[in-house]
Amino acid sequence: MLGEMTSKKDIRKIDQKALEAFFVAHGEKPYRAKQVMEWLWKKSVLDFEEMSNLSQKTRALLQEYFHVPTITVHRKQQSKDGTIKNAVKLSDGLIVESVLIPTSKRITACVSSQVGCSLDCTFCATAKLKRMRNLNADEIYDQVVTIKRQAEEEFGRPLTNIVFMGMGEPLLNYQEVIKAIDRVTSDQGLMMASKRITLSTVGIAKMIRKMADDGVKFNLAVSLHAAIDTTRTQLMPINQSNNLNDLADAIAYWYKLTKRKVTYEYVVWEGVNDNEQHARALLEFCKRTPSKVNLIEYNPIGDGKYAQGKANIIGFYQDLLERNGIVARVRKSRGQDIDAACGQLANKFD
Ligand code: SAH
């Protein structure tokens with residue numbers, strides 16, 4: 001129950017060795033630990049009662065000493081394009097959102113890394129929420145598992161991709177995000193390939209360098225939105241202390257170490273960056289390091305502040321980039337009707 005006082009330990013916070021010691025101390029065989037770990041991680045079964053190769057006695061023992069805090073789907077909405085948005089309740093009652101995005105070839109899970117967000121990007125609905133706390137690795141992992149199940153049960157298809165594009169800034173919760181990704185990719189976990197995972201960031205230069213140093217194997221997307229400092233600072237205040245030149249240097253370093261192209265996410269807004277000067281600045285920025293561009297549709301957040309640029313201007317951006325050898329794709333929004341699209345996640349219930 002929520003808020004229940006418990007002296008029980010979170011079983012997912014201890015490793016196999018410690019669990020072996022626990023079983024031995026209670027007169028059980030040490031290999032039980034491996035069985036339990038397989039249930040918890042490989043099969044994503046979190047209820048001791050469902051661990052069918054354990055005896056009643058062993059299950060009762062686990063019940064007595066351990067619990068498994070987990071997330072629950074508080075509310076589920078489905079868009080007419082098939083996209084599913086889950087409002088997910090954490091064990092302390094806070095809510096984040098995670099989205100399942102189906103296409104003909106893929107099923108993508110879009111997961112959150114923080115409750116709310118501390119960055120004040122002026123075009124994003126999540127920015128209007130105060131940052132309450134970071135998610136822990138299990139809460140991130142469980143969002144992936146929830147969507148994996150929905151993919152299998154409701155679409156009869158496997159989960160193919162994961163994007164960290166939900167609520168929050170993943171690089172401000174780096175340790176837990178990495179732990180969750182390690183689980184998702186490990187043999188003991190979901191065994192997903194790192195190349196199917198994309199982390200999207202506002203572009204914190206120092207952390208991009210750290211990721212490169214740490215030898216991570218997933219893809220990097222950077223929310224660029226403007227390649228001219230004054231404009232980017234207006235859109236994304238983080239740019240003040242973390243300007244385009246620092247960002248470009250960090251991305252070059254990332255590429256040098258990982259040899260993975262970066263994706264830039266870019267929205268064209270009327271009267272903000274919908275002109276040739278901005279398009280050329282983006283082109284110059286792209287030339288600094290091998291990269292590709294997703295020109296993403298603007299999802300209105302109800303404040304009337306911004307409007308999507310005209311199709312011909314977006315076409316101009318795309319032409320200019322492609323003529324210069326940079327892959328640029330125009331990305332249609334998904335799940336707009338249920339506020340599930342990029343930047344619309346704001347725990348809004350009717
Ligand atoms: N904090 C991370 C991940 C969350 S946002 C980041 O900034 O990248 C995921 C993507 O949605 C980012 O590219 C972000 O710039 C974009 N986005 C935010 N608000 C949006 C909106 N209203 N319309 C379209 N894209 C938006």
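Atoms within a ligand are numbered from 1 in the order they appear, just like the ligands themselves. Basis for what follows: all heavy atoms, side chains included, without hydrogens, waters or symmetry-related copies.
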So the ring pair (Phe, Tyr, Trp, His ring centres under 6.0 Å) pairs with at least one residue in residues 207-244 (sequence neighbours excluded) are Phe123-His225, His225-Trp269

Interatomic distance, CD1@Ile178 vs CG@Leu171, rounded to 0.5 Å, equals 8.0 Å

| request: Kindly say whether the aromatic ring centers of Phe66 and Phe48 come within a distance under 6.0 Å. | output: no

Within the 4.0 Å heavy-atom cut-off around ligand 1, the contacting residues, ordered by chain and number, are Phe123, Cys124, Phe164, Met165, Gly166, Gly168, Glu169, Ser200, Thr201, Val202, Ser223, His225, Glu265, Ile296, Glu297, Tyr298, Asn299, Ile301, Cys342, Gly343

Residue set satisfying side-chain hydrogen bond (donor to acceptor under 3.5 Å, both in side chains) with Thr201, at least two apart, ordered chain then number -> Glu169

Value for CG (Leu100) from CZ (Arg334), rounded to nearest 0.5 Å, stands at 9.5 Å

Sequence neighbours excluded, the answer for salt bridge (charged side-chain N to carboxylate O under 4.0 Å, His left out) partners of Arg106 is none

